[in-house]
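Everything below concerns the one structure shown next.
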There are 2 protein chains.
Amino acid sequence: MPLPETEIPGRLQAELMARGLRMTRQRRTILSVVETAKQHLDATQILRKAHKIDPGIDRVTVYRTLNLLKRHGLVDELDLMHLEGEKHYYERHPQRDHIHMACLRCGKITEFESDLFDRLKGQIQRECQFHIVVSRLEVGGYCSQCRSATPA
Amino acid sequence: MPLPETEIPGRLQAELMARGLRMTRQRRTILSVVETAKQHLDATQILRKAHKIDPGIDRVTVYRTLNLLKRHGLVDELDLMHLEGEKHYYERHPQRDHIHMACLRCGKITEFESDLFDRLKGQIQRECQFHIVVSRLEVGGYCSQCRSATPA
DNA sequence: TTAGTTGCAAAGATTTTGCTAACAA
DNA sequence: TTGTTAGCAAAATCTTTGCAACTAA
């Protein structure tokens with residue numbers, strides 16, 4: 001069963017301010033784009049959406065803000081198995097880590113949560129004495145639809 | 001306990017030839033570099049090592065050969081949590097998948113195999129009806145040495 | 001012979017840096 | 001006021017493409 005949707009509007013903004021960081025008009029715009037994204041966005045897509053709110057925002061500001069969010073652990077950077085080029089995708093750091101599955105045929109990205117994943121991370125921390133800050137599990141393969149579909 | 005070292009010299013070359021691909025002097029060189037690597041190498045490092053064997057090899061040929069190996073599932077592409085830039089690292093596809101742990105302080109990369117990881121992939125295949133072709137689990141954090149070390 | 005491969009040059013894609021003006025606190 | 005941030009331009013980094021010459025099978 002899915003987690004309850006605990007979307008807190010402006011959470012990113014609140015977290016950044018709680019850390020004493022300056023809240024500029026541009027940052028507010030970019031944060032709102034990331035926060036309300038319904039899918040994984042790369043830097044260019046974030047810039048495009050930000051432009052619709054504030055056409056003056058520069059691409060560099062998007063990169064700088066994403067780096068800021070990354071450093072503070074507020075967003076996760078994904079590669080999604082490099083399905084289309086080397087761009088990176090961003091999503092708000094979830095309350096519970098999930099796995100990203102990328103279909104090599106149709107490109108669909110599916111997310112999956114698992115107790116086994118949580119236990120695996122626990123095992124790593126214990127047996128390797130490694131303190132995990134961030135983790136990323138991505139798998140590439142064929143989704144159920146593409147497995148049963150006729151060959152391309 | 002570690003797996004037995006079943007290093008088969010020339011395995012990459014044998015696998016490519018078994019697939020009916022042409023074996024050129026340049027490919028042989030690049031394959032031997034990848035095969036005998038004692039650590040994760042990026043394209044530039046592979047080129048550098050290949051140059052020591054055959055100074056005429058072009059960077060482009062390295063990229064093309066790596067892409068070939070990737071497409072055939074003979075090497076895995078790693079990001080190692082982008083610890084130093086956006087380069088990719090390559091390793092021969094292991095008999096059993098392992099986890100890469102990247103220390104955010106000292107940069108050390110540690111590998112770890114786990115039954116839980118295997119079970120997790122089994123769960124994904126079963127519950128998501130997703131046929132896994134390639135998987136990548138990377139974690140960033142602090143290794144045991146850096147955890148107990150004095151702050152930088 | 002001939003389809004596949006290489007090297008070279010150039011382009012492409014993504015991200016970062018340096019600097020001054022503008023701005024949040 | 002004062003240290004931070006934004007915008008602009010330029011550079012840096014990594015990777016791919018086009019094409020003629022070369023080569024493995």
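- A/His82 has its NE2 atom 15 Å from the C1' atom of D/dT16, to the nearest Å.
- Under the 3.5 Å distance criterion, the side-chain polar atoms of B/Arg28 are left unmatched by any main-chain donor or acceptor of B/Gln13.
- Here the shortest heavy-atom pairing between A/His40 and A/Gln45 reads O-OE1, 3.9 Å.
- When distances are taken from the side chain of A/Val60 to each of D/dC8, D/dT15, C/dT6, the shortest belongs to D/dC8.
- The side chain of B/Arg27 places an N or O atom within less than 4.0 Å of a non-bridging phosphate oxygen (OP1 or OP2) of C/dT5.
- Using a 4.0 Å cut-off, some side-chain N or O of A/Asn67 falls inside it from OP1 or OP2 of C/dT16.
- One can place NZ of A/Lys87 at 14 Å from P of D/dT16, the figure rounded to the nearest angstrom.
- Listed pair A/His88 / C/dT15 meets the phosphate criterion, a side-chain N or O lying under 4.0 Å from OP1 or OP2.
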Strictly under 3.5 Å: I want the nitrogen or oxygen pairs between protein and nucleotides 22-25 of chain C, one per line.
from   : atom 1 : to      : atom 2 : distance (Å)
C/dA24 : N3     : A/Arg22 : NH1    : 3.3
C/dA25 : OP1    : A/Met23 : N      : 3.3

| message | Run A/Glu35 and A/Arg11 through salt bridge (Lys or Arg N to Asp or Glu O under 4.0 Å) and show every step you take. | response | CA-CA 8 Å; A/Glu35 200 138 45; A/Arg11 196 190 95 195; 5.6 Å; no
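- B/Glu77 and B/Tyr89 are not linked by any side-chain donor-acceptor pair at a separation below 3.5 angstrom, with hydrogens and angles left out of the test.
- Under the side chain to side chain donor-acceptor pair (under 3.5 Å) test applied with B/Asp79, the options B/His100, B/Arg136, B/Lys87 reduce to a single match, B/Arg136.
- Residue A/Ile30 contributes atom CD1, which lies 13 Å from atom P of D/dT5 at whole-angstrom precision.
- Side-chain N/O atoms of B/Gln26 include one lying less than 4.0 angstrom from OP1 or OP2 on C/dG7.
- In this structure, A/Gln45 atom CD and C/dT15 atom P are separated by 11 Å, rounded to whole Å.
- Side chain B/Arg64 to base C/dG4: no donor-acceptor pair is found below 3.5 Å.
- Considering only heavy atoms from C-beta on, A/Glu138 stays 4.5 Å or farther from B/Ser135 through its side chain.
- Protein atom CZ of B/Arg59 is 11 Å distant from nucleotide atom P of D/dT13, rounded to whole Å.
- For B/Leu66 and D/dT15, the CG to P distance is 9 Å, given to the nearest whole Å.
- OP1 and OP2 of D/dT16 both lie 4.0 Å or more from every side-chain N or O belonging to B/Tyr63.
- If you take CG of A/Asp54 and C1' of D/dT5, they are 14 Å apart, rounded to a whole angstrom.
- Panel note: side chain A/Thr61, backbone A/Ile57; no donor-acceptor pair is recorded below 3.5 Å.
- D/dC14 atom C1' lies 12 Å from atom OH of B/Tyr89, rounded to whole Å.
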